[in-house]
Amino acid sequence: MVERESVPELVDPVVVAAFEGWNDAGEAASGVVRHLAAAWESVPVAEVDPEDYYDFQVTRPTVELTDGESRGIVWPTTRVTRARLPGGRDVVLVHGIEPNMRWRSFCAELVDLMTGLGAGRVVLLGALLADAPHTRPVPVTGSASEPGLVAALSLEPTRYEGPTGILGVLQEACAAADLSTVSLWAAVPHYVAQPPSPKATLALVRRVEDLLDITVPLGELPEEARAWENGVNELAEEDSEVAEYVRTLEEQKDATDLPEASGDAIARDFERYLRRRDAG
């Protein structure tokens, strides 16, 4: 881990992490961390030395121009920033690319940093492709190291078994270090998998708000989510087979959603409205 600046003592820090790649359908999860970093004007803390964890023929460095003249290399890696919220609490943001090798060592390095910063909770964000209609609220599933936290957040508990990505390995490493960990996954419609997915990003941001009991500046994200949905509607209308498939997904979704689940969603939205009114 390469430290970028000396870090003062943090106040009740919580970690929010997302990784591009297999864990990040439509770049919805990494979009959350990018949004939070910009909204909260986070500052660099450290970055992982990529030499031991990335295959540069698979995940290649890029050349960028500085001031339109100077050329520099940007290496694929994981970067850590921090931000202090208006209420005084600190948030540590971890944004990286899923490493190509030595996952256990990579996760151990991140866990050492988290514990060294005094993190009390770790929130891991992911996104997966699913048979979900784009016209309905984005499903968010989750798992947590604390019993009852998934139910308290009205999350659908994940039942997934199978291959995992870096989030699954990092979650287990955090649990082994006695770090309270929550994993949140947004479902991105598989028929519109290309990034960005602002509606899924917005759904994850709202879950982060619920979990941390904070208000996140949303900026243009709600409008981008509406524009995204309208754009997909227009594409579906041009293809009768896609339109019929979307209607089938809508019927399946509406048939399985319980009335009380809709009531919980309304209650959460009203609580967010009250928080934003108070914050404003």
Side-chain angles (χ1 to χ4, degrees), residues 16-35 58-59 95-100 123-143 150 153-171 182-208 220-258 261-262 264-265 268:
V16 180
F19 295 87
E20 300 174 17
W22 190 86
N23 312 269
D24 193 26
E27 297 182 0
S30 60
V32 175
V33 178
R34 286 194 296 268
H35 178 83
V58 176
T59 309
H95 179 202
I97 302 171
E98 184 177 67
N100 304 112
V123 182
L124 303 176
L125 304 178
L128 50 84
L129 298 179
D131 293 328
H134 71 279
T135 54
R136 297 295 185 264
V138 175
V140 178
T141 58
S143 61
V150 170
L153 292 171
S154 300
L155 288 169
E156 180 184 343
T158 180
R159 302 297 184 202
Y160 174 77
E161 292 182 314
T164 189
I166 194 62
L167 286 185
V169 179
L170 183 56
Q171 184 174 8
V182 180
S183 180
L184 304 174
W185 287 76
V188 175
H190 68 86
Y191 55 91
V192 281
Q194 67 275 15
S197 297
K199 189 173 181 179
T201 295
L202 181 59
L204 286 173
V205 168
R206 286 173 170 161
R207 290 299 189 172
V208 170
E220 301 298 322
L221 193 53
E223 182 58 35
E224 291 171 358
R226 285 190 291 269
W228 176 87
E229 183 171 338
N230 291 337
V232 179
N233 286 338
E234 293 174 1
L235 291 175
E237 290 172 359
E238 296 173 359
D239 190 317
S240 59
E241 291 186 1
V242 173
E244 180 61 30
Y245 179 64
V246 172
R247 281 193 292 272
T248 300
L249 292 180
E250 290 173 338
E251 292 170 359
Q252 294 173 349
K253 179 66 176 175
D254 295 342
T256 56
D257 275 354
L258 298 175
S262 299
D264 289 341
R268 285 196 304 272

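Taking the side chain to side chain contact (heavy atoms under 4.5 Å, CB included) definition, one finds that E234 meets it with nothing, sequence neighbours left out. For E98, the side chain to side chain donor-acceptor pair (under 3.5 Å) partners at least two apart in sequence or on another chain are N23.
Ring pair H134/Y245: centre-to-centre distance not below 6.0 Å.
Annotation for V33 and A17: closest pair CG2-C, 4.3 Å, computed over non-hydrogen atoms. For L129 against A25, the heavy-atom pair with the smallest separation is CD2-CB, 3.6 Å.
To the nearest 0.5 Å, atom CG of residue L184 and atom CG of residue L204 are 6.5 Å apart. Rounded to the nearest 0.5 angstrom, W185 CH2 and L125 CG are separated by 10.0 Å. Considering CG of L249 and OH of Y191, their distance stands at 6.0 Å, rounded to 0.5 Å. Distance check, rounded to the nearest 0.5 Å: NE2 of H35 to OG1 of T201 gives 9.5 Å. Annotation: the span from R207 atom CZ to L202 atom CG amounts to 12.0 Å, rounded to 0.5 Å.
Side-chain atoms of S197 never come within 3.5 Å of backbone atoms of A193 as a donor-acceptor pair (strictly under, hydrogens ignored). Between the side chain of D24 and the backbone N or O of A28 there is at least one donor-acceptor pair closer than 3.5 Å. Counting only distance, with no hydrogens or angles, the side chain of S183 and the backbone of G142 share no donor-acceptor pair below 3.5 Å.
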Open item on the list: Using the rule given for side-chain contact (heavy atoms from CB on, under 4.5 Å), can you reason through V208 versus V205, listing the C-alpha separation, both sets of side-chain angles and the distance that settles it, and then say yes or no?
Closed with: CA-CA 5 Å; V208 170; V205 168; 5.6 Å; no

Open item on the list: Under the criterion salt bridge (charged side-chain N to carboxylate O under 4.0 Å, His left out), I'd like the reasoning laid out for E250 against K253: C-alpha separation, chi angles, the key distance, then a yes or no.
Closed with: CA-CA 5 Å; E250 290 173 338; K253 179 66 176 175; over 6 Å; no

Task: Step-by-step side-chain contact (heavy atoms from CB on, under 4.5 Å) determination, F19 to I97 - done: CA-CA 5 Å; F19 295 87; I97 302 171; over 6 Å; no

- [ ] Evaluate the side chain to side chain donor-acceptor pair (under 3.5 Å) criterion for residues Q171 and S143: first the C-alpha distance (whole Å), next the side-chain angles of each, then the deciding distance (0.1 Å), finally the verdict.
- [x] CA-CA 10 Å; Q171 184 174 8; S143 61; 3.1 Å; yes

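Between E244 and R247 a salt bridge is recorded (basic side-chain N to carboxylate O distance below 4.0 Å).
Q194 CD: more than 12 foreign heavy atoms inside a 6.0 Å radius.
In this structure, the side chains of V182 and L124 stay at 4.5 Å or more apart for every pair of heavy atoms. The side-chain heavy atoms of E27 and E20, taken from C-beta on, include no pair separated by under 4.5 Å.
Residue pairs meeting the salt bridge (charged side-chain N to carboxylate O under 4.0 Å, His left out) criterion with at least one member in residues 182-204, sequence neighbours excluded: K199-E229.
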